[in-house]
Asks: 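For reference, the structure I am asking about is given below.
First the proteins, then the strands, lettered A, B, ... as listed; each starts at 1.
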Amino acid sequence: MCGRFVRKGESKKVAEALGVQDGEENWTESYNVAPGSTVPIVRDDPTGRHMAPAVWGFTSSGRGPLFNARAETVDSLPSFRDHLRVNRCLVPASGFYEWRPSDRQPFYFERVDGLPLAFAGIWKRVGDHLEATVITTTPNRDMSAIHDRMPVILSSDRWSNWLNPDPLSSAESQSLLCPSPDGTLTRWPVSRAVGSIRNDTQGLIERVEPQPTAQELFPMSS
DNA sequence: CCAGACGTTGTT
DNA sequence: GTCTGG
DNA sequence: CCAGACGTTGTT
DNA sequence: GTCTGG
């Protein structure tokens with residue numbers, strides 16, 4: 001999954017890297033972006049490529065916003081499939097966090113090449129605002145030791161194909177919704193302080209020694 | 001027409 | 001809310 | 001996603 | 001445990 005991420009850097013540079021021609025004022029820095037917050041998304045239309053604000057997560061009648069959609073089902077589920085066809089977007093990020101289930105140790109992931117990440121997303125209009133969700137897939141080798149899902153990260157050569165405003169068949173979409181190649185990402189353990197969204201500082205992405213687990217501190221004798 | 005399900009994640 | 005199933 | 005709260009009544 | 005808030 002992808003449930004917390006980072007957005008840093010100068011908006012002008014990010015806009016340039018993404019090929020965005022306007023809307024870059026919607027880029028705001030945060031080291032702790034959570035579902036429900038407003039995030040900049042990137043869309044193409046006949047006039048060009050634009051950055052716009054959207055609430056992260058599709059509101060649902062059940063509990064909690066749908067802030068991820070599975071690549072395996074996004075083309076068939078009623079909540080997502082029509083938006084996949086015509087409302088595709090990028091959700092730009094600098095990196096993202098994942099928690100290792102075994103010990104709740106958080107890790108920060110970013111691209112090895114330091115470029116901005118572009119998550120594959122879909123969006124919808126709800127009243128006077130937009131909502132967006134990030135598509136997830138199976139983990140590549142960079143991720144699999146930490147988590148069993150990862151966000152779909154599109155390389156820049158695929159952005160135009162994904163953002164093409166014309167309807168895309170689900171077969172075409174599915175061909176883009178795959179794990180990024182092994183070696184795309186790097187990672188390191190970070191402070192558990194990232195868990196609380198009250199914390200939002202550069203220190204959240206600094207490497208820490210993983211906190212020993214209770215079992216390591218107090219091993220059970222066999 | 002109404003009834004009932006609807007999404008992801010993690011956990012064990 | 002909106003979609004599917006019956 | 002994680003953290004943190006989680007209830008009602010009446011009264012002031 | 002389950003829900004809300006951020």
Asks: If only side-chain N and O atoms of R198(A) are considered, is one of them under 4.0 Å from the OP1 or OP2 phosphate oxygen of dG5(E)?
Replies: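 It does not, given that no N or O in the side chain of R198(A) lies less than 4.0 Å from OP1 or OP2 of dG5(E).
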Asks: Measuring from the side chain of S79(A) (C-beta onward, heavy atoms only), which nucleotide among dC6(B), dT11(B), dC1(D) has the closest atom?
Replies: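 Taking heavy atoms from C-beta onward, the closest nucleotide is dC6(B).
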Asks: For the C1' atoms, the ones on dC3(C) and on dT9(B), what distance do you get once it is rounded to whole angstrom?
Replies: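 My reading of the C1' atoms in dC3(C) and dT9(B) gives 23 Å.
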Asks: Taking 4.0 Å as the cut-off, does a side-chain nitrogen or oxygen of R70(A) come that near to OP1 or OP2 on dT9(B)?
Replies: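 It does, given that an N or O in the side chain of R70(A) lies less than 4.0 Å from OP1 or OP2 of dT9(B).
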Asks: How far does the P atom of dC1(B) sit from the matching atom of dG7(D), given to the nearest Å?
Replies: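 It works out to 38 Å between them.
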Asks: Nearest whole angstrom, please: distance from the P of dT4(C) to the CG of L77(A).
Replies: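 These atoms are roughly 11 Å apart.
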Asks: Calculate the interatomic distance between L66(A) atom CG and dC1(D) atom P; express it in whole Å.
Replies: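 Between P of dC1(D) and CG of L66(A): 12 Å.
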Asks: Just to verify, what does F58(A) make a ring-ring contact (aromatic ring centres under 6.0 Å, His included) with, not counting sequence neighbours?
Replies: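 F58(A): ring-ring contact (aromatic ring centres under 6.0 Å, His included) contacts with F80(A), H83(A).
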Asks: Would you mind pulling out the nucleotide paired to dA3(D), Watson-Crick or G-U wobble, both distances under 3.5 Å?
Replies: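 Checking every strand shown, dA3(D) finds its partner in dT4(E), with both distances under 3.5 Å.
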Asks: May I ask you to list the residues sharing a hydrophobic cluster with M143(A), side-chain cutoff 4.5 Å, ordered by chain and number?
Replies: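 F5(A), V33(A), V39(A), I41(A), W56(A), F67(A), V91(A), F96(A), F107(A), F109(A), L117(A), F119(A), W123(A), L130(A), V134(A), I146(A), M150(A), I153(A), L185(A), listed by chain and number.
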Asks: May I have the distance from F119(A) (atom CZ) to dC1(D) (atom P), rounded to whole angstrom?
Replies: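 From F119(A) CZ to dC1(D) P: 14 Å.
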Asks: Give the rounded distance in Å between these two atoms: CD1 of I197(A) and P of dG4(D).
Replies: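 Going from I197(A) (CD1) to dG4(D) (P), I get 10 Å.
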Asks: Using a heavy-atom cut-off of under 4.0 Å over every strand shown, decide if F80(A) touches base, sugar-phosphate, or nothing.
Replies: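 Since only primed, P, OP1 and OP2 atoms lie under 4.0 Å of F80(A), the category is sugar-phosphate.
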Asks: Give a yes/no answer on whether the side chain of R81(A) brings an N or O atom under 4.0 Å of OP1 or OP2 in dT4(C).
Replies: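 The answer is yes; a side-chain N or O of R81(A) sits under 4.0 Å from OP1 or OP2.
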Asks: Send over the distance from D82(A) CG to dC6(B) C1', rounded to a whole Å.
Replies: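 Distance, rounded to whole Å: 14 Å.
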Asks: How close or far is atom P of dG6(E) from atom CZ of F5(A), stated in whole angstroms?
Replies: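 That distance rounds to 19 Å.
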Asks: Hey, does P101(A) reach any base, or is it just sugar-phosphate, or nothing, if we go heavy atoms under 4.0 Å?
Replies: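 Sugar-phosphate, no base atom in range.
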Asks: Could you check whether D148(A) gets within reach of a base, just the sugar-phosphate, or nothing at all, counting any heavy atom under 4.0 Å?
Replies: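 The answer is sugar-phosphate, as D148(A) gets under 4.0 Å only of primed atoms, P, OP1 or OP2.
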Asks: Heavy atoms from C-beta onward define the side chain here; which of dA3(D), dC1(D), dT8(B) lies closest to that of F67(A)?
Replies: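 Of dA3(D), dC1(D), dT8(B), dC1(D) is nearest to the side chain of F67(A).
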Asks: Does the side chain of S155(A) pick up a donor-acceptor pair with the side chain of D157(A) at under 3.5 Å?
Replies: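 Side chains of S155(A) and D157(A): pair found under 3.5 Å.
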Asks: Distance between the P atoms of dA3(B) and dT11(D), in whole angstroms?
Replies: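 The answer is 42 Å between these two P atoms.
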Asks: When you check the phosphate oxygens OP1 and OP2 of dT8(B), does a side-chain N or O of T73(A) lie under 4.0 Å from one of them?
Replies: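 Answer is yes, contact under 4.0 Å.
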Asks: Would you tell me whether R81(A) and S76(A) have side-chain atoms, one donor and one acceptor, within less than 3.5 Å of each other?
Replies: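 No pair is found: no donor N or O on one side chain lies under 3.5 Å from an acceptor on the other.
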Asks: Backbone N or O of G95(A) within a donor-acceptor pair of the R111(A) side chain at under 3.5 Å?
Replies: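 No; judged by distance alone, with no hydrogens or angles, the pair does not exist.
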Asks: Determine the interatomic distance between P on dG1(E) and the same-named atom on dT12(B); round to the nearest Å.
Replies: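 dG1(E) and dT12(B) have their P atoms separated by 10 Å.
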Asks: When you get a sec, tell me which of dC1(D), dT4(C), dT8(B) is the closest nucleotide to the side chain of P78(A)?
Replies: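 Nearest nucleotide to the side chain: dT4(C).
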Asks: Which whole-number value in Å describes the distance from E72(A) CD to dG7(B) P?
Replies: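 It works out to 14 Å between those atoms.
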Asks: Please give the nucleotide sitting opposite dT8(D) as a Watson-Crick or G-U wobble pair, both distances under 3.5 Å, or none.
Replies: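 Per the H-bond distance test, none.
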Asks: Regarding S175(A) and E172(A), is there a side-chain donor-to-acceptor distance under 3.5 Å anywhere?
Replies: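 E172(A) and S175(A) do not have a side-chain donor-acceptor pair below 3.5 Å.
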Asks: Counting just side-chain N and O atoms, does T136(A) come under 4.0 Å of either OP1 or OP2 of dT8(B)?
Replies: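 Answer no for this pair, as no side-chain N or O of T136(A) is under 4.0 Å from OP1 or OP2.
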Asks: Does R149(A) place a side-chain N or O at less than 4.0 Å from the phosphate oxygens OP1/OP2 of dT9(B)?
Replies: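 Answer is yes, contact under 4.0 Å.
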Asks: Tell me: CD of E131(A) to P of dT2(C), nearest whole Å?
Replies: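 From E131(A) CD to dT2(C) P: 12 Å.
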